[in-house]
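The sequence lines fix the lettering, A, B, ..., with proteins before strands; numbering per chain opens at 1. Please read these numbers as outputs of a predicted model, since none were measured by experiment.
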There are 2 protein chains.
Amino acid sequence: MSDNTQPRTRVRLRDVADLVGVTAAAASMALADSPRISDKTKRAVRAAATQLGYVPSSAGRALRSQRAGAIALIVPNTTQHVFGHSYFMHVLTGVSSVANERDTQVLVSTNPDEAHGLAAYERVMRSKSADGAIVTSAAVTDLNVERLSQSGLPVVLIGNFPYLSTSVSVGIDDVGASRSITEHLIEVHGRTRLLHVTGPMDHQTAIDRREGFLAAVAAHDLADASRVVEGDFSEEAGRDAVLGLGRDLTGFDGIVFANDDMAFGGLRALKSLGVSVPQDISIVGFDDFGLSRLTTPGITTVRVPAERMARVATERLFDLIEGSKPGPSHQELAVTLVLRESCGCESKADDA
Amino acid sequence: MSDNTQPRTRVRLRDVADLVGVTAAAASMALADSPRISDKTKRAVRAAATQLGYVPSSAGRALRSQRAGAIALIVPNTTQHVFGHSYFMHVLTGVSSVANERDTQVLVSTNPDEAHGLAAYERVMRSKSADGAIVTSAAVTDLNVERLSQSGLPVVLIGNFPYLSTSVSVGIDDVGASRSITEHLIEVHGRTRLLHVTGPMDHQTAIDRREGFLAAVAAHDLADASRVVEGDFSEEAGRDAVLGLGRDLTGFDGIVFANDDMAFGGLRALKSLGVSVPQDISIVGFDDFGLSRLTTPGITTVRVPAERMARVATERLFDLIEGSKPGPSHQELAVTLVLRESCGCESKADDA
DNA sequence: CTGAAAGCGCTTACAG
DNA sequence: CTGAAAGCGCTTACAG
């Protein structure tokens with residue numbers, strides 16, 4: 001019945017107020033459900049707002065209230081290389097859903113804006129386009145993250161940042177998880193001669209996952225038969241690590257890759273060499289952002305709860321913005337060991 | 001040397017102007033490089049802005065200039081199901097890079113905000129949080145897309161929307177591409193008994209890809225030996241389509257899946273039945289958003305240039321916002337046939 | 001308790 | 001040509 005053609009021209013708060021016969025200030029308070037305003041007026045204002053299709057101007061509100069009503073998700077320029085698409089989508093999903101609950105917009109800011117002399121994300125923050133930021137960088141040496149997190153602006157980091165101990169961050173126990181998955185190869189599959197292919201060593205995850213690997217082999221007295229090769233989280237690095245071993249390859253019966261992309265590259269290389277996985281060599285990866293269940297054999301890995309990390313980080317960010325709940329500065333979420341075939345475990349049914 | 005501690009407190013244009021000894025209006029014009037202002041003043045203002053670390057307030061600018069300085073990328077609530085993570089990231093990458101070139105922020109708006117009675121993206125537009133929107137929906141029946149695109153607000157759609165012929169959109173020729181890949185199975189691999197598994201039939205891509213398949217089999221007089229089964233773009237649908245054939249499966253020597261996810265599900269199902277691909281049955285997919293090169297065998301598919309579509313769409317959006325260049329209302333980009341092993345073509349070297 | 005002004009930061013349009 | 005006011009839309013803080 002109410003075939004109210006949505007107005008194409010902007011509707012201002014004043015228009016709503018005029019229709020009811022109150023001031024814009026009163027209408028504002030009515031819509032904000034202020035106790036100052038009578039129920040009768042509130043109802044009238046709300047009806048008028050609906051009738052006119054009023055939507056508050058974000059600029060007007062932001063300027064007056066000094067709140068952008070948006071948070072930024074920062075994509076460091078290294079992301080394409082270090083993280084996969086799936087990882088970022090998990091993070092985006094987590095951030096969006098929490099932001100949605102709070103009627104807050106999500107701004108995605110990519111970094112490589114060096115032309116302007118200022119990191120793009122610093123611009124975002126300084127221009128007050130966003131009230132806070134989620135940063136999911138990885139490089140230990142990323143000074144921008146440090147500057148931003150110490151600027152006093154609300155920022156929550158996803159990952160582990162031991163050098164930024166005062167920052168608020170949400171991560172996982174990479175050391176423990178890496179140790180666990182390595183011990184799975186040792187204890188369940190009896191592997192004794194292990195290779196670890198690391199990520200780029202300026203990334204904390206790479207450092208921690210190597211540490212976990214080393215702890216596992218040391219605890220089982222397998223350090224002498226084990227080796228560590230440096231990679232960079234790319235599929236090519238996994239391939240090169242395997243191919244680079246040459247005839248030394250036969251000295252290993254298990255490979256712990258620091259992420260799934262490298263495990264996939266390594267898996268392909270092993271296949272091309274006629275080495276069968278897991279019969280000849282067990283391999284495992286890390287992340288479970290999507291790839292590892294698609295391969296044949298499926299890659300046994302550690303599932304990093306990216307979406308949950310993002311959700312928690314975003315909730316913490318709102319706490320910071322609202323100035324409430326200090327809470328712990330670093331939180332660690334639990335991870336899951338996902339057993340597939342590449343380690344020697346039996347094939348499971350489809351895991352969706 | 002210039003160890004200028006960045007000010008934590010906001011720097012307003014007035015502060016810059018005061019430092020130079022001009023009015024805020026003059027400083028504004030100086031930074032905008034207005035011909036009204038002398039070079040000397042411009043230099044002084046720019047120096048002061050740099051010294052103070054001035055970044056314009058997005059709210060102030062937006063309110064005055066009636067321009068948000070942001071565009072929105074709309075994620076329809078059906079996206080999780082219909083598109084993959086990779087697709088959306090390709091789009092986001094394309095949109096971001098063009099937006100970055102124009103100093104414009106990118107807002108990501110997810111749709112499922114029905115609680116507020118207004119589609120989230122309509123809120124975004126009406127609140128002037130964004131000056132325009134890129135919509136990458138798919139459902140033919142999505143009335144919100146129609147409303148939004150006809151609201152007069154600048155909107156560019158990614159995909160084909162024959163029902164919205166007045167809208168600006170960027171897509172590919174799904175019919176032609178589907179026909180081509182089907183003919184590849186027929187002409188190159190001599191397949192004659194073909195099955196097509198469609199997407200959800202309320203999606204234009206599903207309709208078009210089916211049409212291309214039917215055109216191919218009709219042109220080669222293979223319609224009688226061919227069949228069409230309805231799917232929904234999910235891995236499970238691909239699996240179910242194969243398993244649902246039962247002993248009829250032996251009647252087919254080629255399957256054209258309407259996307260890669262279904263092809264993957266089908267591939268797994270065929271493997272589980274002991275049917276070898278491509279020896280017994282050739283299969284092909286559509287999209288090439290990431291998955292199809294990871295499987296064994298790799299899936300032959302049509303590469304949809306998602307990032308380029310997004311770039312073109314975003315450029316068109318800026319044209320609309322700036323009110324310039326009408327140009328064609330629908331553009332089609334070329335696609336690539338990506339030959340892998342699942343059709344029977346020889347294994348190629350790694351395609352990165 | 002309530003009405004209406006002031007002002008967030010910016011840039012455009014006006015007056016001189 | 002240039003100076004300074006006006007006003008974008010909103011909400012808070014003030015005056016009555």
Strictly distance-based, threshold 3.5 Å: is any side-chain N or O of A:Thr93 a donor or acceptor partner for the main-chain N or O of A:Met89? yes

Any donor-acceptor N/O pair, B:Arg126 side chain to A:Gly53 backbone, under 3.5 Å: yes

Residue among B:Val98, B:Val124, B:Leu317 satisfying side chain to side chain contact (heavy atoms under 4.5 Å, CB included) with B:Ile71: B:Leu317

Taking only residues two or more places apart in sequence, or in another chain, which ones meet [X] in a salt bridge (charged side-chain N to carboxylate O under 4.0 Å, His left out)?
X        : answer
A:Arg43  : none
B:Arg36  : none
A:Arg308 : none
B:Asp131 : none

Mind checking side-chain hydrogen bond (donor to acceptor under 3.5 Å, both in side chains) for [X] and listing every partner two or more places apart, or none if nothing turns up?
X        : answer
A:Glu101 : A:Arg311
B:Ser57  : none
A:Thr41  : A:Ser38
A:Lys42  : A:Asp33

Dot-bracket for DNA chain D: what is it, with Watson-Crick or G-U pairs under 3.5 Å, [ ] where a pair crosses earlier ones, and | for a pair to another strand? |||.||||||||.|||

So what does A:Ala26 hit on the nucleic acid, given a heavy-atom distance under 4.0 Å: a base, only sugar-phosphate, or nothing? nothing

5' to 3' on DNA chain D, which nucleotides open and close the contacts with chain B (atom under 4.0 Å from a heavy atom)? D:dT2 to D:dG9

Could you identify which residues of residues 58-70 of chain B place a heavy atom less than 4.0 Å from some atom of DNA chain D, listed by residue number, or say none? B:Leu63, B:Arg64, B:Gln66

Suppose you measure atom C1' in D:dC10 against the same atom in C:dA13; what distance do you get, rounded to whole Å? 22 Å

Any luck finding a side-chain donor-acceptor pair between A:Ser169 and A:Ser167 under 3.5 Å? no

Looking at residues 29-47 of chain A, who's got a heavy atom less than 4.0 Å off DNA chain C? A:Arg36

Student check: side-chain heavy atoms of B:Thr314 and B:Val156 closer than 4.5 Å: no

